[in-house]
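Inspection log for the structure reproduced underneath, given as structure tokens.
Below, all heavy atoms of this structure are taken into account, side chains as well, without hydrogens, waters or symmetry copies. In this text the structure is predicted, and so the values were computed from the model without any measurement.
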Amino acid sequence: MDLRGRAVPSVGRLRVLLMLFHTMAQITAEQEVENLSGLSTNPEKDIFVVRENGTTCLMAEFAAKFIVPYDVWASNYVDLITEQADIALTRGAEVKGRCGHSESELQVFWVDRAYALKMLFVKESHNTSKGPEATWRLSKVQFVYDSSEKTHFKDAVSAGKHTANSHHLSALVTPAGKSYECQAQQTISLASSDPQKTVTMILSAVHIQPFDIISDFVFSEEHKCPVDEREQLEETLPLILGLILGLVIVVTLAIYHVHHKMTANQVQIPRDRSQYKHMG
């Protein structure tokens with residue numbers, strides 16, 4: 001009985017030690033984060049890099065803007081009217097991040113932490129007719145904003161911190177091992193804790209890869225969004241049609257020239273029998 005009594009606490013202590021070891025391992029593998037926005041030629045675009053053990057594990061380039069509705073008192077101080085704040089993600093933002101096998105996260109803070117953006121990415125495997133295929137996607141967006149911040153908000157009613165969250169989000173879906181690229185604007189709706197308010201997040205000039213980066217500071221092969229592919233097709237289609245039309249014209253002229261030459265070389269047989277005596 002004593003041996004059994006001693007064994008139970010030993011198992012408990014072993015579990016505690018394993019949990020401590022797991023926590024210490026996470027701390028040891030702490031990620032480094034870098035804001036490289038100064039390298040971008042686009043003043044509205046930010047560049048963020050998360051590195052683990054000296055290796056790049058998450059890269060994100062994008063421009064982001066948030067359209068935030070908020071209430072202010074009307075001139076009669078009785079009615080409420082809705083104003084709109086346009087909040088852009090600025091350069092020099094503080095960044096945090098973490099990488100995992102199936103989950104990665106990017107956090108960005110700016111204007112003395114009055115604004116905070118959190119983006120959660122997940123990698124999943126699905127069974128398809130071609131077999132199992134892995135993809136990653138943006139699964140959650142959270143935007144925290146302070147409506148008492150005077151740069152963007154003017155005399156907001158119920159001023160203070162508010163949190164806006166996405167719901168059932170599945171955006172930027174990309175095959176595993178590839179980066180996502182999209183120059184076109186994309187909007188994501190976020191439900192705010194400020195009652196009956198919806199925040200709109202506008203992303204543009206996006207290039208993101210939260211998993212499976214092979215080379216340091218280098219994106220893998222791009223997976224372009226449908227809008228970009230359609231615009232690229234619209235740009236190249238007139239050129240392709242012009243080339244085809246030109247080729248058709250050249251071939252037609254060549255056939256006409258050959259036919260005309262062959263016709264000219266043929267001996268013309270007179271139809272009037274009286275002309276035969278002049279032949280030879």
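Linking Ile, Leu, Val, Met, Phe, Trp and Tyr residues whenever their side-chain heavy atoms come within less than 4.5 Å leaves Val72 and Tyr77 in two separate clusters. Placement of Val95 and Val49 in two distinct hydrophobic clusters is found when ILVMFWY residues are connected by side-chain heavy-atom separations under 4.5 Å, directly or transitively. Connection of Ile47 to Leu89 is not established within any shared hydrophobic cluster, with ILVMFWY side chains joined at heavy-atom distances below 4.5 Å, either directly or through further cluster members. Under the 4.5 Å side-chain heavy-atom criterion for grouping Ile, Leu, Val, Met, Phe, Trp and Tyr, Ile202 is not connected to Val108 through any hydrophobic cluster. Ile188 and Tyr145 fall within a single hydrophobic cluster, where Ile, Leu, Val, Met, Phe, Trp and Tyr are joined by side-chain heavy atoms under 4.5 Å apart, directly or via other members.
A donor-acceptor contact shorter than 3.5 Å is absent between the side chain of Ser215 and the backbone of Val218. Side-chain atoms of Thr56 come within 3.5 Å of backbone atoms of Phe217 as a donor-acceptor pair (strictly under, hydrogens ignored). Under a 3.5 Å cut-off, the side chain of Lys45 and the backbone N or O of Thr41 do not form any donor-acceptor pair. Judged purely by atom type and a 3.5 angstrom limit, Arg98 has no side-chain atom pairing as donor or acceptor with the backbone of Glu105. Checked by atom type and distance alone, the side chain of Glu52 never pairs as donor or acceptor with a backbone atom of Thr55 at under 3.5 Å. Side-chain atoms of Ser104 do not come within 3.5 Å of backbone N or O of Phe121 as any donor-acceptor pair. Side chain of Thr82 to main chain of Asp71: no donor-acceptor pair is present (N/O by atom type, distance under 3.5 Å, no hydrogens or angles). Ser192 contributes no side-chain N or O that, together with a main-chain N or O of Val199, makes up a donor-acceptor pair within less than 3.5 Å. Glu34 places no side-chain N or O within donor-acceptor distance of the main-chain N or O of Leu36, the cut-off being under 3.5 Å. Between the side chain of Arg137 and the backbone N or O of Leu169 there is at least one donor-acceptor pair closer than 3.5 Å.
Between Phe219 and Glu61, the closest heavy-atom pair is CE1-OE2, 3.5 Å. The minimum heavy-atom distance linking Val33 with Gly97 is given by the pair CG1-N, 3.5 Å. Minimum heavy-atom separation, Gln185 to Ser204: CG-CB, 3.9 Å. Taking all atoms of both residues into account, the shortest heavy-atom contact from Ile67 to Gln84 is CG2-CD, 3.2 Å. For Ala60 against Leu106, the heavy-atom pair with the smallest separation is CB-CD2, 3.9 Å. Of all the heavy atoms in Ile213 and Ser220, the pair that sits closest is CA-OG, 4.5 Å.
Heavy atoms of other residues, nucleotides or ligands lying less than 6.0 angstrom from NE2 of His101 number 12 at most. Remark: Leu80 CG is packed, more than 12 non-hydrogen atoms of other residues, nucleotides or ligands lying under 6.0 Å away. Around atom CD of Glu44, no more than 12 heavy atoms belonging to other residues, nucleotides or ligands sit under 6.0 Å away. Asp155 CG: 12 or fewer foreign heavy atoms inside a 6.0 Å radius. Residue Lys65 places its NZ atom among 12 or fewer non-hydrogen atoms of other residues, nucleotides or ligands, all under 6.0 Å distant.
Ring pair His207/Phe62: centre-to-centre distance not below 6.0 Å.
The aromatic rings of Tyr180 and Trp136 sit perpendicular to each other, their planes meeting at more than 60°, with 30° as the lower class boundary. Ring orientation note: the planes of Tyr115 and Phe143 are close to parallel, at an angle under 30° on the 30°/60° scale.
With 3.5 Å as the limit, one finds no donor-acceptor pair spanning the side chains of Asn42 and Ser40. Side-chain contact, Tyr70 with Ser158: no donor N or O sits under 3.5 Å from an acceptor N or O.
Using a 4.0 Å cut-off between charged side-chain N and carboxylate O, Lys123 and Asp212 make a salt bridge. Remark: Glu94 engages Arg113 in a salt bridge, criterion side-chain N to carboxylate O under 4.0 Å.
With rounding to the nearest 0.5 angstrom, the OG atom of Ser179 is 9.0 Å from the CE atom of Met59. Expressed to the nearest 0.5 Å, how far CH2 of Trp110 lies from CG of Asn35 amounts to 12.0 Å. For the atom pair CD (Glu181) and NZ (Lys224), the distance works out to 4.0 Å, reported to the nearest 0.5 Å. Asp146 CG to His152 NE2: the interatomic distance, rounded to the nearest 0.5 Å, is 12.0 Å. Taking CG of Leu203 as the reference point, atom CD of Gln186 lies at 6.5 Å (rounded to 0.5 Å). Here the CG atom belonging to Asp46 is positioned 7.0 Å from the OG1 atom belonging to Thr90, to the nearest 0.5 angstrom.
Looking at heavy atoms from C-beta onward, Glu133 lies out of side-chain contact with Pro175 at the 4.5 angstrom threshold. Side chains of Thr200 and Leu190 form no contact here, defined as non-hydrogen atoms less than 4.5 Å apart.
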Given side-chain contact (heavy atoms from CB on, under 4.5 Å), test Asp79 with Trp73 step by step and report yes or no. CA-CA 6 Å; Asp79 300 319; Trp73 290 113; over 6 Å; no

Test Leu138 against Met119 for side-chain contact (heavy atoms from CB on, under 4.5 Å), laying out the working first. CA-CA 7 Å; Leu138 176 62; Met119 304 172 76; 3.9 Å; yes

Is there a side-chain contact (heavy atoms from CB on, under 4.5 Å) between Val144 and Lys161? Walk through the geometry before answering. CA-CA 7 Å; Val144 179; Lys161 290 270 187 179; 4.1 Å; yes

